[in-house]
> 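Provided herewith is a single structure, encoded as structure tokens, for subsequent inquiry.
Order of the sequence lines fixes the chain letters, A, B, ..., with proteins taken first and strands second; residue numbering starts at 1 for each chain.
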2 protein chains.
Amino acid sequence: MYHLAGMPEPLARLVEQLSAFQGIGPKTAMRLALNMLEQSEHEVKNLAVSLQHLHEQVQFCNTCGGFSTVSHCAICDNVKRQHGIVCIVEQPVDVLMLERGHFQGSYHVLHGRLSPVDGVSPDKLRFNALDNRIADGGIHELILATSATVDGEATAHFISRRYAHHNIQVSRIARGVPEGGELEYLDEYTLSRALEQRVLWEQGHAAASN
Amino acid sequence: MYHLAGMPEPLARLVEQLSAFQGIGPKTAMRLALNMLEQSEHEVKNLAVSLQHLHEQVQFCNTCGGFSTVSHCAICDNVKRQHGIVCIVEQPVDVLMLERGHFQGSYHVLHGRLSPVDGVSPDKLRFNALDNRIADGGIHELILATSATVDGEATAHFISRRYAHHNIQVSRIARGVPEGGELEYLDEYTLSRALEQRVLWEQGHAAASN
């Protein structure tokens with residue numbers, strides 16, 4: 001239904017523009033465009049204004065690459081945090097996800113993960129910025145929090161090798177059964193990994209009560 | 001993940017605005033907003049411009065209520081069409097859907113369907129406009145093409161009663177097995193209806209070859 005004869009040109013253009021966004025197929029774009037027409041003009045204009053200024057207002061921290069409205073984010077500027085521990089993630093949103101926990105270190109956002117298939121080589125990611133931060137000194141641990149995918153794992157391996165001779169401890173976030181996860185519904189890879197990386201009861205219990 | 005501490009305010013506002021649209025939940029809104037940030041500033045600004053002018057540029061035909069960029073749509077203005085036959089639909093997009101076939105009459109868009117639960121009474125729909133078109137004369141058939149839902153069916157009943165004494169033929173679009181429909185995957189209501197409204201082979205065959 002996405003390319004309908006007789007559709008007014010401005011509507012067709014909107015559908016096409018919406019389709020250009022990742023994850024929006026032509027049918028979803030059509031549904032979205034029709035929803036927007038049904039919405040009040042006022043609300044749609046407000047949305048237009050937000051989009052108009054989105055890229056100016058939401059920028060990335062010069063240091064960590066996370067979301068920021070100014071040149072340095074609140075996490076990098078916070079003197080109470082342990083800036084010697086840097087958690088490396090793929091996307092700015094990953095920082096927001098991890099901030100819901102109790103992590104007190106800082107972050108480094110790569111803005112992607114290595115992917116030979118998609119042509120993402122190390123020079124496309126924020127490795128130079130990480131090199132500079134490490135050269136500045138003071139970092140004693142890198143926590144690799146790239147995704148638990150093939151490319152995320154390859155990226156983690158790449159990082160561990162890149163900084164192998166820097167006298168920096170490199171760790172990888174744990175993989176296993178998620179909280180509330182019933183074994184019945186988990187895939188065999190997660191279960192194998194959870195068995196392999198089993199933790200002694202005392203150690204695991206101590207860690208859990210921290 | 002939709003209400004994340006530390007999310008820049010402009011991004012949070014965009015997520016909230018997107019969530020206001022029907023069919024977009026907070027998670028989808030978050031994903032959309034992040035996609036838009038990843039898109040080039042140029043493309044997002046183009047989308048903003050389209051949205052800014054959407055309601056001015058896409059209007060509804062004064063006669064039929066279908067999409068139009070001017071006060072009267074191309075279908076209503078087309079002298080070659082049979083304006084004595086009016087197909088009544090719920091939404092402007094329904095006109096576009098039906099136009100993919102060979103229908104040569106004109107349309108009347110109600111902009112909704114009767115729904116006591118949602119407070120949609122006849123005065124909320126374009127019935128006055130339809131009354132006026134019928135009073136102007138020349139209409140000899142109404143085809144009820146409201147949806148095959150409980151409310152769509154109730155709306156069709158309402159219309160058939162409203163114009164019962166106008167010497168106008170009233171018909172309802174056929175219901176049955178869709179083209180390519182395998183009986184195995186159809187619900188029992190569709191199958192019952194298809195059996196009840198079975199058409200004599202000669203008649204059905206003649207209709208199909210028109």
> Check whether R172(B) reaches the backbone of T146(B) with its side chain - one donor and one acceptor, N or O, closer than 3.5 Å.
yes
> Spell out, as yes or no, whether a donor-acceptor pair under 3.5 Å connects the side chain of H108(A) to the backbone of A129(A).
no
> Using atom types as modelled and distance alone, determine if a side-chain donor or acceptor of R81(B) lies under 3.5 Å from a backbone N or O of F103(B).
yes
> Tell me, side chain or backbone of S40(B) under 4.5 Å from chain A's heavy atoms, or both, or neither?
backbone
> Say whether, by atom type as modelled, one donor and one acceptor occur between the side chain of R113(B) and the main chain of E90(B) under 3.5 angstrom.
no
> Picking from L37(B), L14(B), L32(B), T28(B), which has the most non-hydrogen pairs under 4.5 angstrom with chain A?
L37(B)
> Among residues 42-70 of chain A, which residues come closer than 4.5 Å to chain B, judged by heavy atom distances?
E43(A), V44(A), K45(A), N46(A), L47(A), A48(A), V49(A), S50(A), L51(A), Q52(A), L54(A), H55(A), E56(A), Q57(A), V58(A), F67(A), S68(A), T69(A)
> Side-chain donor-acceptor pair under 3.5 Å between D131(B) and Y163(B), yes or no?
yes
> Is a donor on one side and an acceptor on the other found under 3.5 Å between the side chain of H111(B) and the backbone of K124(B)?
no
> Is a donor from one side chain sitting under 3.5 angstrom from an acceptor on the other, for D151(A) and T149(A)?
no
> Tell me which of these, A20(A), A74(A), P92(A), has more heavy-atom pairs under 4.5 Å with chain B than the rest.
A20(A)
> Donor-acceptor pair, distance only, cut-off 3.5 Å: does the side chain of D94(A) make one with the backbone of Q91(A)?
yes
> Given the options E9(B), R13(B), M36(B), E38(B), which has more heavy-atom pairs under 4.5 Å with chain A than any of the others?
M36(B)
> Which bit of I75(A) comes within less than 4.5 Å of chain B, counting heavy atoms only: side chain, backbone, both or neither?
neither
